[in-house]
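Structure, as structure tokens:
Letters go in sequence order (proteins before strands), and every chain restarts at 1.
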Amino acid sequence: MKVKHYVKDCNLDQIFDCGQCFRWEREEDGSYTGIAFGKPVNIAFEETAPLEGTLTIDNSCERDFESIWYPYLDLARDYGEIKRTLAERDSLMGEVIGSGPGIRILNQEKWETVISFIISQNSNIPRIKRCIETLARLFGTEAGEYAGRTFYNLPTPAVLADLSVQDLEPVKLGYRAKYLIETAKAVASDDGAILEKTGDMSVEEAYTYLTGLHGIGPKVANCILLFSMGKTESFPVDVWIRRVMNRLYGFAENDIAGMKAFAAEKFGSYGGIAQQYLFYYMRTRDGKKF
DNA sequence: TCGCAGGTGGTCG
DNA sequence: CGACCACCTGCG
């Protein structure tokens with residue numbers, strides 16, 4: 001069954017291929033197939049005007065659309081207004097946004113985001129995707145079939161907590177395996193209760209909890225806050241952001257504190273959204289596409 | 001071959 | 001507290 005919804009400020013490639021998520025694959029027709037919240041679906045976008053058109057979610061229903069896909073795709077947020085505000089506040093942002101005007105910040109599952117960004121450190125997108133799929137296939141539960149493919153959920157904190165580094169060897173996580181296991185133990189110790197509550201905490205409180213977990217430092221914590229906890233002000237500084245902040249604003253590449261202060265001052269509560277535009281701008285410079 | 005890829009933890013001054 | 005540096009794995 002298909003569900004349709006009209007949206008603005010939308011581009012599927014920019015949303016699913018900008019490094020915020022790792023479980024979606026592009027089909028030949030430009031749609032994306034993947035899984036979130038245990039539901040395998042295909043998401044297509046028929047553009048009827050620039051950045052506007054109809055989203056079609058296949059293998060879903062109205063009920064799931066409202067409870068899962070509407071919030072997941074951040075459809076309540078007016079990105080047009082945000083883009084105008086950012087461009088007003090900074091003279092360079094207009095051009096930066098122009099490289100990825102259809103980006104939307106997904107509201108992903110917390111535990112999946114924790115796993116994904118622990119794995120992401122010092123790695124690259126193809127490998128991150130491979131690790132996550134292998135982890136789900138070997139240690140997760142079956143979520144269902146779609147288009148002849150079987151989809152798997154990621155293992156729960158409890159399941160991962162009982163695994164050894166040796167068990168995880170086939171996933172090829174490298175030194176990140178022990179981070180994952182340690183963090184799973186901590187999260188499973190209260191059955192994920194604190195992790196689930198982080199969305200209601202202040203950013204500072206949630207950040208403190210996250211960075212207290214093994215393998216989660218400032219960058220990964222900020223990604224989790226932005227991509228799964230609705231903290232749009234958090235501004236993850238990775239190597240690409242360091243490069244773009246150096247090139248556009250003249251920051252020294254190691255001046256992370258300066259960059260964060262600049263973002264807080266300039267972009268305020270939209271810092272994380274500005275970060276995605278900046279990231280996409282830098283990664284698509286010079287004709288390169290990831 | 002060897003450095004580097006969406007960093008972090010550990011150590012040292 | 002800031003500046004190193006090792007660390008799994010895979011790819012050019």
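- The distance between atom CG of A/Asp17 and atom C1' of B/dG6, rounded to the nearest whole Å, is 14 Å.
- Among the heavy atoms of the strands, none lies under 4.0 Å from A/Arg242.
- Counting non-hydrogen atoms under 4.0 angstrom, A/Pro218 reaches the backbone sugars and phosphates but no base.
- Taking atom OH of residue A/Tyr179 and atom P of nucleotide B/dG9, one finds them 6 Å apart after rounding to whole Å.
- Nucleotides C/dG2 and B/dG6 are separated by 23 Å at their C1' atoms, to the nearest Å.
- Atom-to-atom, CD1 of A/Ile119 to P of B/dG7 comes out at 14 Å; the value is rounded to the nearest Å.
- Nucleic acid contact class of A/Leu213 (heavy atoms, under 4.0 Å, all strands): sugar-phosphate only.
- Rounded to a whole Å, the CD1 atom of A/Ile256 is 12 Å from the C1' atom of B/dT8.
- Between A/Tyr72 and A/Phe37, the angle of the ring planes goes over 60°, which puts this pair in the perpendicular group of the 30/60° scheme.
- Ring-centre distance between A/Phe117 and A/Phe22: below the 6.0 Å cut-off.
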Begin with the C-alpha distance, continue with both residues' side-chain angles, and end with the deciding distance and a verdict on side-chain hydrogen bond (donor to acceptor under 3.5 Å, both in side chains) for A/Lys260 and A/Asn222. CA-CA 11 Å; A/Lys260 281 180 176 289; A/Asn222 276 111; 3.2 Å; yes

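- Closest-nucleotide positions on DNA chain B for A/Thr211 and A/Gln275 were compared, and the one nearer the 5' end corresponds to A/Gln275.
- Here C/dC7 presents its C1' atom at 8 Å from CZ of A/Arg176, a figure rounded to the nearest Å.
- Among the nucleotides B/dG7, B/dG6, B/dG9, the one closest to any side-chain atom of A/Asn122 is B/dG7.
- Base pairing of B/dG10 is made with C/dC4, judged by Watson-Crick or G-U wobble geometry with both donor-acceptor distances under 3.5 Å.
- Note on A/Phe267: it clusters hydrophobically with A/Met282, by side-chain heavy-atom contacts below 4.5 Å among ILVMFWY residues.
- Across all strands shown, A/Glu182 has no heavy atoms under 4.0 Å from either base or sugar-phosphate atoms.
- With its ring centre under 5.5 Å from that of the base six-membered ring and a plane angle below 30°, A/Phe279 counts as stacked on B/dG6.
- Going from the C1' atom of C/dC7 to that of B/dC4 covers 13 Å, rounded to whole Å.
- Put simply, A/Arg243 has a side-chain N or O that comes within less than 4.0 Å of OP1 or OP2 on B/dA5.
- For A/Lys219, whose side chain is taken as the heavy atoms from C-beta onward, the closest listed nucleotide among C/dT9, C/dG10, B/dG6 is B/dG6.
- In this structure, CD of A/Gln121 is placed 12 Å from C1' of B/dA5, rounded to the nearest angstrom.
- In this structure, A/Arg283 reaches the B/dG6 phosphate: one of its side-chain N or O atoms is under 4.0 Å from OP1 or OP2.
- The side chain of A/Asn124 sits closest to B/dG6 out of B/dG6, B/dG10, B/dT8.
- Cluster annotation: A/Ile82 is connected to A/Phe227 through the hydrophobic network of ILVMFWY side chains, with a link wherever side-chain heavy atoms come within less than 4.5 Å.
- Salt bridge absent: A/Asp200 and A/Lys197 never bring a charged side-chain N and a carboxylate O closer than 4.0 Å.
- Minimum atom distance to the side chain of A/Tyr175 is reached by C/dC8, of the listed B/dT8, C/dG10, C/dC8.
- Side-chain atoms of A/Val220 lie closest to B/dG7 of the nucleotides B/dG7, C/dC8, C/dC11.
- As rounded to the nearest Å, C/dC8 and B/dT11 have P atoms that lie 15 Å from one another.
- For an aromatic pair to be called close, the ring centres must be under 6.0 Å apart, and A/Tyr152 with A/Phe139 fails this.
- Residue A/Ile241 is out of contact with every strand shown, counting any heavy-atom pair closer than 4.0 Å.
- Residue contacts for A/Gly174: at a heavy-atom cut-off of 4.0 Å it reaches a base atom on one of the strands shown.
- A straight line from CD1 of A/Ile115 to P of B/dG6 spans 20 Å, rounded to a whole angstrom.
- Computed from coordinates, the A/Glu253 CD to B/dG7 P distance equals 13 Å when rounded to whole Å.
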